[in-house]
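Convention: sequence-line order gives letters A, B, ...; per-chain numbering from 1. Since the structure is predicted, the reported quantities are computational estimates derived from the model, not experimental observations. The figures here come from the full heavy-atom set of this structure, side chains too, leaving out hydrogens, waters and symmetry mates.
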Amino acid sequence: MDYNFKEIEKKWQDYWQKEKVFKSSVSDAPKFYCLEMFPYPSGKIHMGHVRNYTIGDVYSRYKWMQGFNVLHPMGFDAFGQPAENAAIKNKTKPDEWTHKCIDWMKIELKKMGFSYDWDREVSTCDSGYYKWNQWIFLKMLEKGLAYKKASDVNWCSSCATTLANEEVIEGGCWRCHNKVELKELEQWYLKITDYKQHLLDDLKLLNDWPQRVIAMQTNWIGKSQGVEIYFRLKSNNQIIPVFTTRVDTIFGATYIVLAPEHPLVKEIIKDNPREKEVLKFIEKVGKETKVVRISSDIKKEGIFTGGYATNPVNNEDVPIWVADYVLMEYGTGAIMAVPTHDQRDFLFAKEHNLPMRIVIQPAAPACPAGRQAQSTDEMTEAYVGEGFQVNSGQFNGLSNQEAKIKIAEWMEKNKYGQIQTHWRLRDWLISRQRYWGTPIPVIYCKKCGAVPVPYHDLPVELPKDAPFTGEGGSPLGKVKEFVEVKCPECGGTGRRETDTMATFFDSSWYFLRFCSPEFNKEPFNVQEAKYWMPVDQYIGGIEHAILHLLYSRFFTKFFKDLGMIDFNEPFKHLLTQGMVLKDGEVMSKSKGNIVDPDSIIDKYGADTLRLFMLFAAPPETELEWDDRGLEGAYKFLNRVLRIKNDLKDKADHGLVKVMHKIIKKVTDDIESFKFNTAIASLMEFVNAIYQSGADERVFTNLIIMLSPIAPHFCEEIWQSLGNNGSIFKASWPKYDPGLLVETTVTMVIQVNGKVRARLEMPTDVSEDKLREMVLKEEKLKPWLQNKPFNNFIVVPRKLINIVV
RNA sequence: GGGCAAGUGGUGGAAUGGCAUACACGAUAGACUUAAAAUCUAUUGACCGUAAGGUUGUGAGGGUUCAACUCCCUCCUUGCCCACCA
C-alpha cells in the first residue's frame, strides 16, 4: 500500500516549524553557512527554484547531522519592476502585491519541506532592510565611491529607465530585450573600478568556484596590457593616441583609423575637399544601431579623411581613415592598423587598396603554420602567430614576444608612447527612474548642492501611494510631500532625489544581513558576521555569474575597508546548478512547456519530487524532466517502506559489510554533491536488503542516510520506529574501516589486454603463487598455448595482464 | 573571432589509466490474479552462433601505454559566456 504523503508531509512541516528544529544561533560549535540565491517573489515557485533549494536543503540537513551549527536562511529579493507592472495590471499597489506574492511563495517553499530558519527571513522592500541600503550608499558617498555625473547612459525606452552596462545584452535591455538607446542624463554611479585589481586578483582565492564563472568574471573585468602610442597629426602636430596590445607590430602600421565620433575627425576634414563625403559617411554610420554595427558578417565600411599622421617610431606618414568598426567607447577611439598581422585590418586594407608591410615572420621550418611570405601580394590572410621581427629597425631578429617588451620600453623612454593597462569594467550606474526600489538618500539644495540625508533621518521611506502609471519618469517626483523637504545643511528649500537604486544593490549584501536580520545599529552585527561569514556554500544559477557575484564581491571588499569584516571574499564554495529542461528545451512560459511544482507535490508529494530531481542528473548539469522517472522515484520510496514490515532479528554479516561500504560511499558522495550516485548506492543497499533481509539497526541507518533527500518520509519512519525527537538531531552513521577490508578479491585475468578469466584470490597472495594459479587455469590455456610471456603485469587486488 | 563545458545503450546517466554501460527508466518474458494494476523474479549495447563462446563497441582520425571513455595531437558537432576590445 502506498504511503500517505499528504498527511505525513503536512505533519512534519508543522512539527519542524513548531519545534524550531532548524533555528540556529551563534555557539561554540563549528558553523556551516549554506545559502541559496534568494528569489524574486513572483508568487509561484518554478522547477528552477525547486532544484536550487533542494540541493541546498540536502546539504544543510546533512551538515546538521554531521554536527555542524548550520545557518540556512531564506528571504526575498522583493524590489523591482515586475511588481510595478503587476500592480498596474491588477489595480493594486506594488507593496500589497509584493507582500501577497511573498506569502504565496512561502507557502510553496514550506510545502517542499525546506529546512530554513524562518526567524531570519528578510525582504529587501521592507524599510528595516533598505534603510541599510541607504546607510551603505551614504558610506560610499563619504568614501568617494558614490558620485554623480552626467553622461550618455544606456536607456531603455520601454522600461523608461536607465541600465547598467552589465544589464545590456547584445545591445538590448536584459529584461524586455528592447533596443537600448543612449541618453544624456545626470546619474549616480558606484566606483567599482576602484576595486578592479582586487576583484581580478582575488579570483585566485576562489579555488572552489567553477572555472567558467572565474573565466566570465576575468573576461568582464577585461584587463589588457599594451601601449598607448602617440601618432601626430601632420597638419598641426596634434597628438592622436592609439592603444595597442601588439606594439611588436608598430613598424607595420600603415594607416590609422578613427571612430566616426572621434573629436579630431571634424578638425582633420575641415577645409578639406573630402569634407562633405566624410560627413555623409559619419551621418550614415550614426544612424546604424550598435547591434547592426557589431554583427560580424557585415562588411567593414570606411572612408579616407584626406589627412595624414606621423608614425613616431619611423617618422613615416600614414593616411588617416574613419571606419565603422572602430568604437569610441573602447581604448582611445582610434587604432593603428597593421594589415599583415591583424585579420580585420587585412580585409579592410585589401578592400581599400591600402599599403601593408610584413614585420613578423614565422620561424620556418620550426613553425608548422609557417611558410614565410616573401611579399604581401602572396598573403591570403594576416599572420597573427608568433615569430621574429623583420623590417623593424634595431629590433630585427628578436622574437616578437621579446620585442613587445623592448619596443614598449624604448617607446616610453623616447616619449613615443606610454605603457598602459586598459580595463573593460566601467563604474556601476545605479540610478533608476522607477518607483519600486530604495530611494537614494540625497537632497538637492540650490545653495549647498547635493546633500546626503543625515544618518539619523534614515530610512528615507518610500511613499506607499505614489501615483505611478508605468509611463516613465520618476514617479516619486509626483509626490509633493516626498520631494519638498528642507535642506539638512542650511534649512533652506531642498528637493529630494527621486530616482531609486538598481535592485542589484539590494542583493549585494543580503548574505551579511542574514547573520543578524533584526540588528538595528548597523547593516549587520559585526560579531555575528564574524562567526557566520563567509558563506561556506553558495548555490544558484549560472545567470548570476557576472552581475550579482561581481557586485557582491565588490560590497564585501568595501565592508572590509570599512573594518567591519576581516575576509576578502563572501562565498567560499560556489555551485551553479544546471537548468531544468523539458523535451530538450528550457522550461518557459513562452514555450508553454512548464511543469508546475505544485501539481507534482499534489500528485506525488515533495519527497518524490526531491528524490527525482537529485537522482536524474548531477546538480551542475542540465536536468531533463521525465514523468516516468518521477514515477520511479515514487516506487522507490514505497519499496523502502515495505522493508519495515519485514525486519529480522539480526542481519547477516554479509549485509552488515555491505552497509559499511554504502555508508562510506553515500557520505563521500553527498559531501561532494554527487547526489545522483549517492541515491544509486542507497538503491543498491535496498536491493541487497531485499536479498537477505535487514534488522532494525541496518534499516535505521538506511533511513538516516535517505533523510536529507526525503525528509518527511524518513522522519515518519524514524518516529514510527520509536525514536524520540527529530531524525535531524540524530547523528550521521559512521562506517567501520575494519569491515571494509576484504580477505579475498576477484581478480581479472587479461591476455593481451582482453579479459579471459576471473579468479577469486586471497588479497595477500604472493606473485609466485598468483603465477602458479593463473597457469593452472583451464580457461586461459587456449589463449596462452605455452607461448613464452613477454610480460606479466600484476595490479595488486585488481588485475593481471599477460602479454604473449 | 576568443574562452569554457560537453559528446557513452532505446532514454536519464555511472566509471578519471585497470572488468565500459553501475543505478534507474523503458522494453520482453515469467510468478501472483477470474482479469488488470501494483508487487516480486529473470533477461535486455550491437553483430555472429542452437549453445559454449567469439567479434565489435564510449563523436571521427591518429598517438602514448602491457592496458585509454579517461592522457596527448588533429578534426567534427552541440551548449553556454564574451566579442568589430585594437
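For the salt bridge (charged side-chain N to carboxylate O under 4.0 Å, His left out) condition, the pairs that include at least one residue of residues 658-675 of chain A, sequence neighbours left out, are A/Lys63-A/Glu671, A/Lys661-A/Glu742, A/Lys664-A/Asp668, A/Lys665-A/Asp669.
Residue contacts shown for A/Pro210 are absent, as no nucleic acid heavy atom lies under 4.0 Å away.
Applying the 90° criterion around 0 to the glycosidic angle, B/G9 comes out syn.
For B/G54, one of the phosphate oxygens OP1 or OP2 lies less than 4.0 angstrom from a side-chain nitrogen or oxygen of A/Arg756. For B/C40, one of the phosphate oxygens OP1 or OP2 lies less than 4.0 angstrom from a side-chain nitrogen or oxygen of A/Arg639. Of the side-chain N and O atoms in A/Asn687, one or more sit less than 4.0 angstrom from OP1 or OP2 of B/A24.
Judged by the 6.0 Å and 45° rule, A/Arg771 forms a cation-pi pair with A/Phe792. Under the 6.0 Å distance and 45° angle rule, A/Arg344 does not count as a cation-pi partner of A/Tyr325.
For the C1' atoms, the distance linking B/C76 with B/G12 amounts to 25 Å, nearest Å. A gap of 26 Å separates the C1' atoms of B/G18 and B/A24, to the nearest Å.
Helical stems in RNA chain B, defined as runs of 3 or more consecutive Watson-Crick or G-U wobble pairs with donor-acceptor distances under 3.5 Å: B:1-7 with B:76-82, B:10-12 with B:23-25, B:26-31 with B:39-44, B:45-48 with B:53-56, B:59-63 with B:71-75.
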Anything under 3.5 Å between a donor and an acceptor, one on a side chain of residues 749-757 of chain A, the other on a protein residue two or more places apart or in another chain? List them.
{"unit_1": "A/Asn752", "atom_1": "OD1", "unit_2": "A/Val804", "atom_2": "N", "d": "3.1"}

